[in-house]
Amino acid sequence: MTLTIDFSKVLGVQKWTLSATFDQPITAIMGPSGAGKTTLFKCICGLLPVDNGTIVFNGVNWENVPTEQRRIGYLPQDLALFPNLTVAGNLGFGLSVSHVDRLTISQKVTEIANYLNIEHLLNRQISALSGGEKQRVAMGRALIVNPALLLFDEPFNGLDEATRQACLELVNKIVADKNIQLLLITHHQQEADALTKTVYIVENGMLKLS
Amino acid sequence: MPIIHSMTIATCATIIAFFIALPISFSLSNKRGIYKTIVEIVITLPMVLPPTVIGLVLLNTLGRNSGLGAFLWDRFNFSVIFTLTGAVIATTIVVLPIMYQGVKSAFLTIDQSLIDVAKTLSATPLQRFFRIILPNCWPVMLSGILLSFCRALGEFGATLMVAGYIQNKTDTISTSIYFLIQDGRTQMAVYLAVVNLFIGLVALLVIQLLGKKDVINK
């Protein structure tokens, strides 16, 4: 799996020129706050347009591929779990909007919940979950639709050390088991080192291999 | 009768204003520019005008001497002046700014990342609207709807100008109170005022409860 980005974008007063090929299972992206890491993810998702250039995933140019068809599992910084839905509702959302039948949704939700050890939370409201539980639900919601690419934006922020460690192990397991490529934004070198040797730095509108 | 008329007018005007405000507010929620500014000024204008001015505009637009009013009368033998329909139209215009602001505020409470994630999960615009946006901003929206309803219930100036005060036909709580006081029937006026006060208090209580529920959920 290869994601190649080669595009430019004007962000505020700075012109941003990003060019990189991500071909490792896990790539960490680091950089100071405001450097544009989240914007990079939004461009890859198609949530923000690029000014010039291309984003190519596995040989497919995504220029005319809408967000809905890119098969990306995106975890924003705040996880964005749907507060009006239960854990099961959140997990099954991606399937239900694709008109998958209820029985299949129920089976897949149970399957992913077992995989992430959150089967006991299925009927809970999102507001009743701890930070670590929310991480797992958000990962499950992204994984259930079989994405080809995962984009995690500082997913372990605000977690205690033990939960963070457990989540890091889980991420490694997911990438190995599901054969998915993961790009992860982090501020912690330790976190990046625990997951990958491929670390990119976003700085001064450029993307450099560390 | 005035209570039934007031409730009917307020309910109809609130529903109509909601269905006007909802699509306009949603379509403009992420937009900027002169087009949005013009639309918002037009919708908000009734808020800064005395209701009697709105009534005057409607009389000149829908009255039998106006082009539209004359057309309705000649073609369908129908006039909205001195009818409940006219009162509903007048009240809708008066409450539209409040409804628009309420619905707009509700949309502003939605975290963009919820919509972004729903998009990456292949949700269509309609699915995003009905399954994520609307359920998550509903308590705030309901507050706007209730406030609009209360304002509609108390509407006086524009309603009196367009629908007049015809007993058992177009009399509302607020117009009845005015004319009952003029007739010296204070006791009946107080009774209607208490009913109006009670409905307003219940609506405000519900708004407070919705606010608390929203805070607890977050």
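These numbers come from the heavy atoms of this one structure, side chains and all, not from hydrogens, waters or symmetry mates. Convention: sequence-line order gives letters A, B, ...; per-chain numbering from 1.
Side-chain contact between Val117(B) and Phe93(A) is absent, with no heavy atoms from C-beta onward closer than 4.5 Å. The closest side-chain heavy-atom distance from Arg70(A) to Thr120(B) is not below 4.5 Å.
Atom NZ of Lys108(A) has 12 or fewer heavy atoms from other residues, nucleotides or ligands within 6.0 Å. Heavy-atom neighbours of Asn123(A) CG from other residues, nucleotides or ligands within 6.0 Å: at or below the threshold of 12. Other residues, nucleotides and ligands contribute over 12 non-hydrogen atoms within 6.0 Å of the OH atom of Tyr165(B).
Put simply, of Ala128(A), Ser96(A), Ala138(A), the one with the most heavy-atom pairs under 4.5 Å next to chain B is Ser96(A). Chosen from Val145(A), Asp78(A), Ile144(A), Leu95(A), the residue pairing most often with chain B at heavy-atom distances under 4.5 Å is Asp78(A).
Pairing each heavy atom of Leu114(B) with each of Ala80(A), the nearest pair is CD2-O, 3.4 Å. Heavy-atom minimum distance, Arg128(B) versus Glu68(A): NH1-OE2, 3.2 Å.
Heavy-atom distances place both the backbone and the side chain of Asp116(B) under 4.5 Å from chain A. For Ile126(A), no part lies under 4.5 angstrom from a heavy atom of chain B. Only the side chain of Leu47(A) comes within less than 4.5 Å of a heavy atom in chain B; its backbone stays farther off. Both the backbone and the side chain of Asn84(A) come within contact range of chain B, judged by heavy atoms closer than 4.5 Å.
The closest donor-acceptor contact from the side chain of Gln127(B) to the backbone of Val97(A) lies under 3.5 Å.
A donor atom on one side chain and an acceptor atom on the other are not found under 3.5 Å apart for Ser122(B) and Arg71(A).
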>> side chain to side chain contact (heavy atoms under 4.5 Å, CB included), that's the test. Do Lys119(B) and Tyr74(A) meet it? Break it down for me.
In response: CA-CA 10 Å; Lys119(B) 214 170 176 182; Tyr74(A) 174 49; over 6 Å; no
